[in-house]
Amino acid sequence: MDFNLTEEHIMIRDAARDFAQTELLPGVIERDNAQTFPESLVRKMGELGFLGVMVDPKYGGSGMDAISYVLIMEELSKIDASASVMVSVNNSLVCYGLESYANEAQKEKYLTKLAKGEIIGAFCLSEPEAGSDATSQKTTAIDMGDHYLLNGTKNWITNGGRAGVYLVIAQTDKDKGHKGINAFILEKGMPGFDIGPKEDKLGIRGSDTHTLQFNDVKVPKENRIGEDGFGFKFAMKTLSGGRIGIAAQALGIAAGAYELALKYSKERKAFGTEICNHQAIAFKLADMATEIEAARMLVMKAAWDKDQGNNYDMSSAMAKLYASQVAMTHTVEAVQIHGGNGFVKDYHVERLMRDAKITQIYEGTSEIQKIVISRGIIKG
Ligand code: CAA
C-alpha cells in the first residue's frame, strides 16, 4: 500500500490549485451574489483539460485517472464549488456516460466537444415526482418508428441553461418498470425543448440550475444510448462515478473552510493570545483535520477502486455520505471559529457553509447513499 501521490498527480493537483487561486478566487463572491459564471472561465477549464479529465485523448480528453480527477475536484472546490459542480457533471455523468455506453457515432458527434469543454453537458434524471425514487420516471418517450416523442419535465438540472448536450432519462414502456426506461441525447434548441428560469439557490449559486420542459420533442432513434431498456442501469452506473466527484467536491469544501479557519485562528487574538492557543479552538481544528483526512481516504479509495476496475458502488456511496457530512459539520465550525467575521461574505466561510449543504442532497441524498451501502453489505 502506497499513500504517496505520484509526481504526475502532484503536478496535476498543483495546476488545479494554481488555477483556483489565480482564476477562480478573484470574483468568487461577486459571482455568488450575481448567480453567474462567465464562459471565459469555462473555456479556460476546458483548455486545462479539467472538463474531460478521464476521457481517452482520442476523444479530446486528458486521459488521466480517477485519482487525478478527485485531486482536481478537491482543489477547485476549496475555492469555488459552483465551478467544480460543472466540472463534476460534465466529467463523471456526461463524458463518462457517453464514453462507456454510447456508440462510436455518438461519441464522435458529442464526446470530443464535451471533453474539450467546447460545449457543456447536463444529466437529466430528476423530476418533480422522481428525485430519490428515480425509477418513477414520468417523462415519457414514445417509440414512433424512426424517432421517439418526448414529453415531460425535469428539474434541478445542473448546467441546465449553459449546456449544449443533455442526457435525458425517460420512460418508454411503463409496464416494464425500470426495464422500460431509456437514456437519450438531446441538443439545445430542439423544437419543443424549453428551458425554464434559473433557480435562486442557497448555495453553489454560480452554477446554473433549471427546470426543463419537453413538449412533443422529436428525438431521432440514433440518439438512444445503448440497448432498449438500458436507461435506468445507465443512470445508476453513471451516478456511481458521479458520487466520487461529489464526494471530492464535499472534501474540497471542507478542506477549504478548514484552511481558512486555521489561518484565521493563527492571526486573530482574544484574551491576549492568538485564538488557536485556546483549547476550545484548537480542539475544533483537531477534529476538522482528523475528519477531513478520513474523508480524503474514503474519496481516494473510491477513486482507486474505479482506476483498478473494482466495483465502486459502495465505496463511492460511503465516500459521498461521509465527505458531505464532514463538509456540513466543519464549514459550520469554520464559521464559528471566525465569529462575527464568519457571518460576512468577505471571509468566504459562510459561502462554503451554504455550498456544503447540496453535497448531502444531489447525486443521491445521504439517505439514498445509506440504501446503497446497506443493500451492498447485506448482499455481501
Ligand atoms: N449499477 C447497475 N445496476 C444497478 C445499480 C448500479 N449501481 N443500482 C441499481 N441497479 C439496477 C438493479 O440491479 C435493478 O436491476 P434488476 O432488476 O435487473 O436487478 C434496477 O437497477 C433497479 O434497482 P433497485 O431495485 O435497487 O431500484 P430502487 O427503485 O430500489 O432504487 C436507488 C434504487 C438506489 C434508490 C435509486 O433509485 C437511486 O439511486 N436513487 C437516487 C437517484 C439520484 O441519485 N439522483 C440524483 C440526480 S442526478 C444529479 O443530482 C446530477 C446533478 O445535477 C448534480
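Order of listing sets the numbers, starting from 1, for every ligand and every atom in it. Worth knowing before you read on, the calculation uses all heavy atoms, side chains too, and leaves out hydrogens, waters and symmetry mates. Treat the numbers as computed from the prediction; the structure is a model and nothing was measured.
The distance between the ring centers of F184 and Y166 does not fall below 6.0 angstrom.
For NZ of K176, the number of neighbouring non-hydrogen atoms (other residues, nucleotides, ligands) closer than 6.0 Å is 12 at most. Around the NZ atom of K218, the shell of radius 6.0 Å holds no more than 12 heavy atoms that belong to other residues, nucleotides or ligands.
Residue M1 is found in a hydrophobic cluster whose other members, listed by chain and number, are F3, M297; membership requires side-chain heavy atoms under 4.5 Å apart, directly or through intermediates.
Looking at M86, R243, M236, R375 and measuring to atom 24 (P) of ligand 1, the nearest heavy atom belongs to R375. By heavy-atom distance, the residue among V372, L239, I358 lying nearest atom 48 (S) of ligand 1 is L239. The nearest non-hydrogen atom to atom 16 (P) of ligand 1, considering only H178, E127, K154, comes from H178. Atom 54 (C) of ligand 1 has its nearest heavy-atom neighbour, among T158, I361, I371, in T158. For atom 11 (C) of ligand 1, the nearest non-hydrogen atom from the set K233, K320, E367, K237 belongs to K233.
Residue contacts with ligand 1: G131 is included, with a non-hydrogen atom under 4.0 Å away. Judged by the shortest distance from any of its heavy atoms, L93 lies inside the 4.0 Å radius around the atoms of ligand 1.
One finds no salt bridge joining E367 and K370 here, because no Lys/Arg side-chain nitrogen approaches an Asp/Glu carboxylate oxygen to under 4.0 Å. Ion pairing between E333 and K284 holds under the 4.0 Å rule for side-chain N and carboxylate O. Ion pair K116/E47 not flagged as a salt bridge, since none of the NZ, NE, NH1 or NH2 atoms sits closer than 4.0 Å to an Asp/Glu carboxylate oxygen.
Put simply, atom 32 (C) of ligand 1 has no protein non-hydrogen atoms near it, under 4.0 Å away.
Short contacts between ligand 1 and S126, defined as distances under 4.0 Å to a heavy atom of the residue, involve ligand atoms 47 (C). Taking every non-hydrogen atom of Y362 and a distance limit under 4.0 Å, the qualifying atoms of ligand 1 come out as 50 (O), 54 (C). Atoms of ligand 1 lying under 4.0 Å from at least one heavy atom of S240, given by number and element, are 7 (N). When each atom of ligand 1 is checked for a heavy atom of T135 under 4.0 Å away, the hits are 29 (O). Atoms of ligand 1 found under 4.0 Å from any heavy atom of A134, numbered from 1 in the order shown, are 37 (O), 42 (C). Using a 4.0 Å cut-off to heavy atoms of I368, the atoms of ligand 1 that qualify are 35 (C), 39 (O), 40 (N), 41 (C). Against a heavy-atom cut-off of under 4.0 Å, S132 is close to the following atoms of ligand 1: 37 (O), 38 (C), 40 (N), 41 (C).
The cationic group of K221 lies under 6.0 Å from the six-membered ring centre of Y148 and within 45° of the ring axis, placing it in a cation-pi geometry.
In summary, the side chains of Q249 and S84 do present a donor paired with an acceptor at a separation below 3.5 Å, with no hydrogens or angles considered. Judged purely by distance below 3.5 Å, without hydrogens or angles, the side chains of Y69 and N91 never pair a donor atom with an acceptor atom.
I29 has its side chain within reach of R351: a pair of non-hydrogen atoms, C-beta onward, lies under 4.5 Å apart.
With a 4.0 Å cut-off on non-hydrogen atoms, N159 does not touch ligand 1 at all.
In this structure, the protein non-hydrogen atom closest to atom 23 (O) of ligand 1 is F232 CE2, 3.9 Å.
If you run side-chain contact (heavy atoms from CB on, under 4.5 Å) between L111 and each of K113, K107, K109, only K107 comes through.
Checked by distance only, ligand 1 and G364 come closer than 3.5 Å through their nitrogen or oxygen atoms. The distance criterion of under 3.5 Å between nitrogen or oxygen atoms is met by E363 with respect to ligand 1.
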